[in-house]
Amino acid sequence: MPSTIEVKNLSSSNAAPMSPLQAARGKKSMMGSLSEDQKKQIQVELLTLRDGLNGDEMFIKNKAGLTYDDVILLPGQINFGVDDVDLSTNLTRNIKLKVPLVSSPMDTVTEHKMAIAMALQGGIGIIHYNNSIEAQAAEVMRVKRFKNGFITDPKCLPPSAKISDVDMIKAKFGFSGVPITEKGVLGSKLVGIVTNRDTDFIVDRSRPVSEVMTPLSKLVTAYEHDHKSLEALNQIMVQSKKAKLPIVNKSGDLVALMSRKDLLKHRDFPNASKNANKQLLVGATIGTRPNDKTRVAKLVEAGVDLVVIDSSQGDSMYQVEMVRWLKKNYPQLDVVGGNIVTRRQAAHLIAEGVDALRVGMGVGSICTTQEVCAVGRPQATAVYNVSSFASKFGIPVWADGGVSNTGHIVKALSVGASMVMMGSMLAGTEEAPGSYEFIDGVRVKKYRGMGSIEAMSKGSSTRYFADKKKIRVAQGVSGTVMDKGSVQHYVPYLILGVKHGLQDLGQQNLELLAVARSTGALRYEERTHAAQKEGGVHDLHSYKKQLFG
């Protein structure tokens, strides 16, 4: 008995004190849960509990410029589903879209096919101006005339063409049916059509298509004036069991082609970007030369919804003069200024009346402006600074460049962008201009910067103030990008990825995201190189990266 008492005394006098965690565990075992006082203490702590930095601490007080990869966003609390995330945003001061994505005005990215595809998904495409005034206006008109399921610019051939010409069109553009018209162009009298059925088992590919085509007498056609609704034309295709339906006018001239494949692909787009007349929205770029005023007139006549003044350095007397002229002569036309990267540049253009700002200088994957001219700014810092100023005046900001994945899009929106412009991310899609080729067994498309010698030789030198120079200094390169499939599959993946990002941030829409940024509730941290490595795929012998499925 005494020995037992002695042991107890030794235990009480020599035992190490309990840690706070052990004490908490002891209380929990006795109480079963936190006390009301502890719960109240947590609520008080939450009022001031903040990890990371707010936007001003991260991007304004920080002396170093930061890229998207330098930054990581800290998660918020999720109290909604990913399908509840709303990505509606302002394209300009006067135009609102359902999706914050815009395709870049580059001649290897956006012509009418890309603009149509982007608008159907709820974004918008900006037609490049590295072409003639008439050609650019024609691209805009093709977008405006688009109706779901119609191919408004089918590749046609004359009766004298060879089967090998059909093979070439199929290989280059992927079309399985080629209309045959008297002159080999759209708007000429339809005489037949050639499909895979007509040519698959013919060995001699030098035979004229007139010998193998399905003649007009055996075709099912529709007259444009008699069948104006998509439903009526679809019914004709269902009843005839045909994959292609030529649309002709009363003179028998081919005016369009309907494809069952395209009809199914385009039939349901509730988020499509449309104007009051139910036409798809489309923008176009212009320069600052005198003849660009003529270009504007043609674009407005074609139905363009906004113009983007295209310049690598937008804070110039040339752009100021163009903005003033546009606002005086076309007050109803929205004008996007840029490119800029500082608040002072933004102030100059906002004062002149621009309806949105395009931010980015030398950060595109094919751009060498920072390397050649030593001028520019890391993109995350540029977007945050410009948007923090522009938002005071209700001017949306487009983040242009530096984006290569959905995480970058989320970061661009989180630092203040209303729209994210994509170039390289869309360049390898089916809708991008150009044809596919194979390099080392990989299917690729050409992609080039508008500051490359190749692009400037075609006309884009005015963007870099080099149109009258005997020697042109390149501010971009030419290259290739991998095939990404169709925008109709790729952009929905991007949209869903962005929605997941906002859900992780605990922000159900872009307006709430802006509030969180302005109040400091949205938190950021700077990533070291080791942290960037840790945040990607690492320590594997090999892996396969599949973006979506």
Side-chain angles (χ1 to χ4, degrees), residues 39-82 84-93 96-100 341-344 346-347 350 356-357 359 377-399 402-403 406-420 497-527:
K39 291 180 180 179
K40 288 179 182 178
Q41 182 184 353
I42 287 178
Q43 294 304 315
V44 172
E45 292 278 356
L46 284 172
L47 295 175
T48 57
L49 191 61
R50 294 286 186 272
D51 291 286
L53 304 172
N54 64 36
D56 286 357
E57 292 168 337
M58 189 72 177
F59 299 106
I60 294 179
K61 295 178 182 178
N62 190 341
K63 295 181 180 179
L66 302 174
T67 68
Y68 295 137
D69 283 335
D70 291 326
V71 178
I72 193 70
L73 299 161
L74 301 188
Q77 185 181 41
I78 299 175
N79 53 19
F80 52 88
V82 69
D84 298 322
V85 176
D86 181 6
L87 297 180
S88 296
T89 185
N90 278 92
L91 173 71
T92 67
R93 189 163 24 191
K96 196 161 188 174
L97 302 181
K98 296 289 183 65
V99 173
V341 292
T342 71
R343 287 173 289 179
R344 288 184 63 84
I350 291 173
L357 290 167
V359 176
R377 197 174 199 181
Q379 188 69 341
T381 296
V383 174
Y384 186 87
N385 276 267
V386 173
S387 65
S388 65
F389 178 81
S391 62
K392 299 176 183 177
F393 306 93
I395 303 299
V397 163
W398 299 8
V403 173
T406 54
H408 287 164
I409 297 174
V410 174
K411 290 176 183 179
L413 297 171
S414 298
V415 295
S418 293
M419 299 293 299
V420 180
V498 173
K499 286 187 174 183
H500 276 294
L502 262 67
Q503 184 189 38
D504 283 348
L505 291 172
Q507 307 300 329
Q508 196 168 344
N509 56 56
L510 297 184
E511 288 185 9
L512 292 175
L513 182 67
V515 171
R517 182 174 58 255
S518 63
T519 60
L522 187 63
R523 311 299 286 185
Y524 311 83
E525 274 189 352
E526 188 171 348
R527 296 203 295 177

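Worth knowing before you read on, the calculation uses all heavy atoms, side chains too, and leaves out hydrogens, waters and symmetry mates. Starting from 1, each residue takes its place in the sequence as its number.
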(Q) Quick check for you: to the nearest 0.5 Å, what is the distance between Arg523 atom CZ and Glu57 atom CD? (A) 6.0 Å

Q. Between Val386 and Leu357, is any pair of side-chain heavy atoms under 4.5 Å apart?
A. yes

**Q.** For Lys499 against Val85, the heavy-atom pair lying closest together
**A.** CE-O, 3.5 Å

Q. Between the side chain of Gln503 and the main-chain N/O of Phe80, is any donor-acceptor distance below 3.5 Å?
A. yes

(Q) Evaluate Asp69 against His408 for side chain to side chain contact (heavy atoms under 4.5 Å, CB included), listing each step before the verdict. (A) CA-CA 8 Å; Asp69 283 335; His408 287 164; 2.8 Å; yes

Q.
Evaluate His500 against Val82 for side chain to side chain contact (heavy atoms under 4.5 Å, CB included), listing each step before the verdict.
A. CA-CA 6 Å; His500 276 294; Val82 69; 3.7 Å; yes

Q) Going by atom types only, do Asp56 and Tyr384 share a side-chain donor-acceptor pair under 3.5 Å? A) yes

**Q.** Contacts of type side-chain hydrogen bond (donor to acceptor under 3.5 Å, both in side chains), residue Thr92, not counting sequence neighbours
**A.** Asp334

Return a table of donor-acceptor pairs under 3.5 angstrom between the side chains of residues 42-51 and protein atoms on other chains or two or more places apart.
none

Q. Are side-chain heavy atoms of Leu502 and Leu510 found at a separation under 4.5 Å?
A. yes

Q.
Could you walk me through whether Leu505 and Val410 satisfy the side chain to side chain contact (heavy atoms under 4.5 Å, CB included) test, starting with their C-alpha distance in whole Å, then the side-chain angles of each, then the deciding distance to 0.1 Å, before giving a yes or no?
A. CA-CA 10 Å; Leu505 291 172; Val410 174; 4.2 Å; yes

Q: Measure the CZ-CG distance between Phe59 and Asn385 for me, rounded to the nearest 0.5 Å.
A: 9.0 Å

Q.
So, taking the atom named CD1 in Ile350 and the one named NZ in Lys392, what distance separates them when rounded to the nearest 0.5 Å?
A. 10.0 Å

Q. How far apart are the closest heavy atoms of Ser418 and Asn90, and which atoms are they?
A. CB-O, 3.3 Å

Q: Applying side chain to side chain contact (heavy atoms under 4.5 Å, CB included), run through Arg517 and Tyr524 and close with a yes or a no.
A: CA-CA 10 Å; Arg517 182 174 58 255; Tyr524 311 83; 3.7 Å; yes

Q. Roughly how far, to the nearest 0.5 Å, is the CD1 atom of Ile409 from the CE atom of Met419?
A. 10.5 Å

**Q.** Among Asn509, Leu513, Val515, the one residue meeting side chain to side chain contact (heavy atoms under 4.5 Å, CB included) with Glu511
**A.** Asn509

Q: Taking all non-hydrogen atoms of both residues into account, name the closest pair between Ala412 and Ala399 and its distance.
A: CB-CB, 4.0 Å

Q. With a 4.5 Å limit on heavy-atom distance, are the side chains of Trp398 and Val420 in contact?
A. no

Q: Verify, without hydrogens or angle tests, whether Thr67 (side chain) and Gln379 (backbone) share a donor-acceptor contact under 3.5 angstrom.
A: no

Q | Short side-chain to backbone donor-acceptor contact, Asp84 and Gly81, under 3.5 Å | A | yes

Q. So which heavy atom on Leu66 is nearest to which on Glu526, and how close?
A. CD2-OE2, 3.6 Å

(Q) I need the minimum non-hydrogen distance between Ser387 and Val397, along with the two atoms involved. (A) CA-CG2, 3.8 Å

Q: Could you tell me whether the side chain of Arg343 and the main chain of Phe389 form a donor-acceptor pair under 3.5 Å?
A: no

Q: Write down the atom of Tyr68, the atom of Gly402, and the distance for their closest heavy-atom approach.
A: CD1-O, 3.2 Å

Q. Do the side chains of Leu53 and Met58 get nearer than 4.5 Å, heavy atoms only?
A. yes

Q | Note, Lys96 side chain near Ser88 side chain (heavy atom, < 4.5 Å) | A | yes

Q. Do side-chain atoms of Arg93 reach the backbone of Ile395 as a donor and acceptor pair under 3.5 angstrom?
A. no

Q: Taking the side chain as every heavy atom from C-beta outward, state whether Leu97 and Leu87 have any pair of such atoms under 4.5 Å apart.
A: no

Q) Which of these, Val383, Val71, Leu73, sits in a side chain to side chain contact (heavy atoms under 4.5 Å, CB included) with Ser414? A) Leu73

